[in-house]
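As the structure is a prediction and not an experimental result, all values here were calculated from the model.
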Amino acid sequence: MIIYSSNALAFRESVDNNQITVQIEEAFIKGMGKRPNQGEVRAWNNSMQFMEKIIRNSKVADDCGILIEYNIPSTSKRIDFIIAGQDEQKNDNFVIVELKQWDAVEAMDREDVVRAFIGGRTRETPHPSYQAWSYKQYLSDMNEAVYSKDINGYSCAYLHNYRTVHPDPLQYNQYQDIIREAPLFLADDASKLQNFLKRHVGEGNGVNLLYLIENGKIRPSKRLIDHIDGLFQGNSDFVLLDEQKVAYEAIMSLAKQTDVKRTIIVQGGPGTGKSVISMNALGGLLRNKLNVKFIAPNASFRTVMVETLTQRQARNKTRTKMLFTGSSQFYKEPADMYDVLVVDEAHRLKGKGAYQYLGENQIEDIIKASKVNVFFIDDFQRIRPEDIGSIDEIKRLAALYNSEVHEYSLAAQFRCSGAEGFLNWVDDALQIRPTF
């Protein structure tokens, strides 16, 4: 979703007439259904004055396209500023500009992470160049119009209030790699940013590119598919064994047929390999160029899965993490927006009133938003009162949406050296379920 869109000429005129913040705020209310907070309004009022000077002094063509507050599809993230146009070779390009009002920062020993004063307190946050690069990478990997129409993406960060100190923590050696990927422009670098924009989009003809970016289907590019596929290769944590392989192939066969709405339920106890199958399903569905997301209600679990897959490499982690999400965002998604949604730990899905969830039923959200949905579940692992995930509830809601239900069960244990007798004894002793 685009909050504000225009050409460079109209943008400059709106700022000159002191109307840009009003226009963005009105568009925000219309598009998001709520008012922006005062911090956002102040940021627009301040930062757009600086960007207007950059756009005007860069002398880019009047018909360059301008996007402000572009809501990245399938995420809660918004890109501050995008300018689109052609370079001197007539290549179609866009530049993402991450805007910050910071005037000070602390370096950290964590890759691409800094500490800055945000929202009334000092927080750990991605380096601005990393943030800009990650947004560009997402569009290049997932927006079909961008990669199929050969629209080239560039990114940078502009901290218009930040003046360099010596030594400058924002430019320490550990940040130089990401700064090379997405250049960093500070308060005294206005002319450098102007030249950067002029070089990449200065010839204009960019309004149509905005339309293509806004309406591009969200599907994985071949480069992303190859990247994810490479992460699985040789990773013994994701090798499928015995009935895991059978379940995986059943999922792949059914999920590739998106002409019929389907709900696939894979049930199994601890150690039966549900997560191994779900991760392989993510990779397999991507290889078939399907718009797929991996849902895990528990944030810690998502982190572990991403780090296991990426071997803790930061750049790999970012490209991979965008395929993973929590379960609370789908209440506002249109019907059948995704080809496939894969849900691990489905017994942890929530109902109305759960913390930071604004919908009614996360199972219903997921079934509605996808053509095919795959739930990995253990009915005996619900641990909180608000956990509503159960096989019966999934079946009830699948019927409500005329979704075919296919069930598969996993029994073999791949933990405790295969000591199923011991696990059965634990279940019986704790009265989880009778096994004797």
Side-chain angles (χ1 to χ4, degrees), residues 1-32 36 40-72 78-101 132 135-136 139 143 145-146 149-160 183 185 187 189-216:
M1 178 193 300
I2 294 174
I3 300 299
Y4 174 92
S5 173
S6 76
N7 59 39
L9 176 61
F11 169 71
R12 295 199 311 269
E13 290 176 345
S14 292
V15 176
D16 288 344
N17 294 327
N18 204 27
Q19 290 299 303
I20 189 66
T21 302
V22 174
Q23 292 172 1
I24 297 172
E25 186 172 7
E26 289 175 349
F28 185 98
I29 295 169
K30 182 178 180 181
M32 304 294 285
E40 289 178 305
V41 174
R42 284 193 297 270
W44 295 331
N45 201 42
N46 188 5
S47 294
M48 293 309 137
Q49 302 291 331
F50 283 92
M51 283 308 301
E52 189 277 334
K53 293 176 184 176
I54 294 293
I55 299 299
R56 174 163 40 85
N57 293 333
S58 67
K59 300 190 183 331
V60 299
D62 288 345
D63 62 347
C64 282
I66 302 287
L67 297 182
I68 298 173
E69 296 292 343
Y70 172 62
N71 191 183
I72 304 175
R78 284 185 270 132
I79 298 174
D80 293 333
F81 197 96
I82 302 177
I83 180 168
Q86 294 181 327
D87 59 22
E88 290 184 349
Q89 289 73 45
K90 301 303 178 185
N91 297 309
D92 291 331
N93 301 328
F94 67 88
V95 178
I96 289 172
V97 184
E98 176 65 21
L99 297 167
K100 298 293 185 190
Q101 299 191 73
Y135 294 157
K136 184 267 296 184
L139 293 182
N143 189 303
V146 171
K149 301 291 186 182
D150 293 325
I151 305 174
N152 305 302
Y154 299 89
S155 57
C156 64
Y158 182 33
L159 283 68
H160 45 75
F185 300 104
D189 297 327
S191 61
K192 294 179 182 177
L193 176 56
Q194 291 160 19
N195 293 335
F196 184 79
L197 298 182
K198 177 68 173 178
R199 182 166 71 253
H200 292 304
V201 299
E203 301 304 307
N205 196 25
V207 175
N208 184 56
L209 298 181
L210 305 186
Y211 176 84
L212 293 174
I213 293 172
E214 167 69 358
N215 293 282

Out of curiosity, [X] [atom1] to [Y] [atom2], how far, rounded to the nearest 0.5 Å?
X	Y	atom1	atom2	value
Tyr4	Ile82	OH	CD1	14.0 Å
Asn71	Glu214	CG	CD	9.5 Å
Leu99	Ile96	CG	CD1	11.5 Å
Met51	Leu193	CE	CG	6.0 Å
Ser47	Glu52	OG	CD	13.5 Å
Ile3	Ile68	CD1	CD1	10.5 Å

Requested in this report: Under the salt bridge (Lys or Arg N to Asp or Glu O under 4.0 Å) rule, what do Arg12 and Asp62 come out as? Steps first, then yes or no, please.
Outcome: CA-CA 9 Å; Arg12 295 199 311 269; Asp62 288 345; 3.0 Å; yes
Requested in this report: Could you walk me through whether Lys30 and Glu26 pass salt bridge (Lys or Arg N to Asp or Glu O under 4.0 Å), step by step?
Outcome: CA-CA 6 Å; Lys30 182 178 180 181; Glu26 289 175 349; over 6 Å; no
Report task. Mind jotting down which residue pairs meet the salt bridge (Lys or Arg N to Asp or Glu O under 4.0 Å) criterion with at least one end in residues 84-94? Sequence neighbours excluded, please. Result ->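 The answer is none; no pair qualifies.
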Query raised in the report: Any luck finding a side-chain donor-acceptor pair between Gln86 and Asn93 under 3.5 Å?
Result: no
**Report entry** Donor-acceptor contact below 3.5 Å, side chain Lys198 vs main chain Lys59
**Finding:**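 Flag set: sc Lys198 to bb Lys59 pair under 3.5 Å.
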Report task. Using atom types as modelled and distance alone, determine if a side-chain donor or acceptor of Asn17 lies under 3.5 Å from a backbone N or O of Glu13. Result ->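 Such a contact is found between Asn17 side chain and Glu13 backbone.
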Quick one: closest heavy-atom pair of [X] and [Y], and the distance?
X	Y	result
Ile20	Met48	CG2-CB, 4.0 Å
Cys64	Gly204	SG-CA, 3.6 Å
Ile55	Ser58	O-OG, 2.8 Å
Leu210	Ser5	CD1-OG, 3.4 Å

Report task. Start with the C-alpha gap between Phe11 and Phe81, add the side-chain angles, then the distance that decides, and say whether ring pair (Phe, Tyr, Trp, His ring centres under 6.0 Å) holds. Result -> CA-CA 12 Å; Phe11 169 71; Phe81 197 96; 5.6 Å; yes
Report task. Decide side chain to side chain donor-acceptor pair (under 3.5 Å) for Gln19 and Ser14; before the verdict, give the C-alpha distance in whole Å, the side-chain angles of both, and the deciding distance to 0.1 Å. Result -> CA-CA 5 Å; Gln19 290 299 303; Ser14 292; over 6 Å; no
Query raised in the report: When the ring planes of His160 and Phe50 are compared, do they come out parallel, tilted or perpendicular, using 30° and 60° as the limits?
Result: parallel
Report task. For residues Phe94 and Tyr154, establish whether the separation of their ring centroids is below 6.0 Å. Result -> no
Report summary line: For Glu40, the salt bridge (charged side-chain N to carboxylate O under 4.0 Å, His left out) test, sequence neighbours excluded, returns Arg78
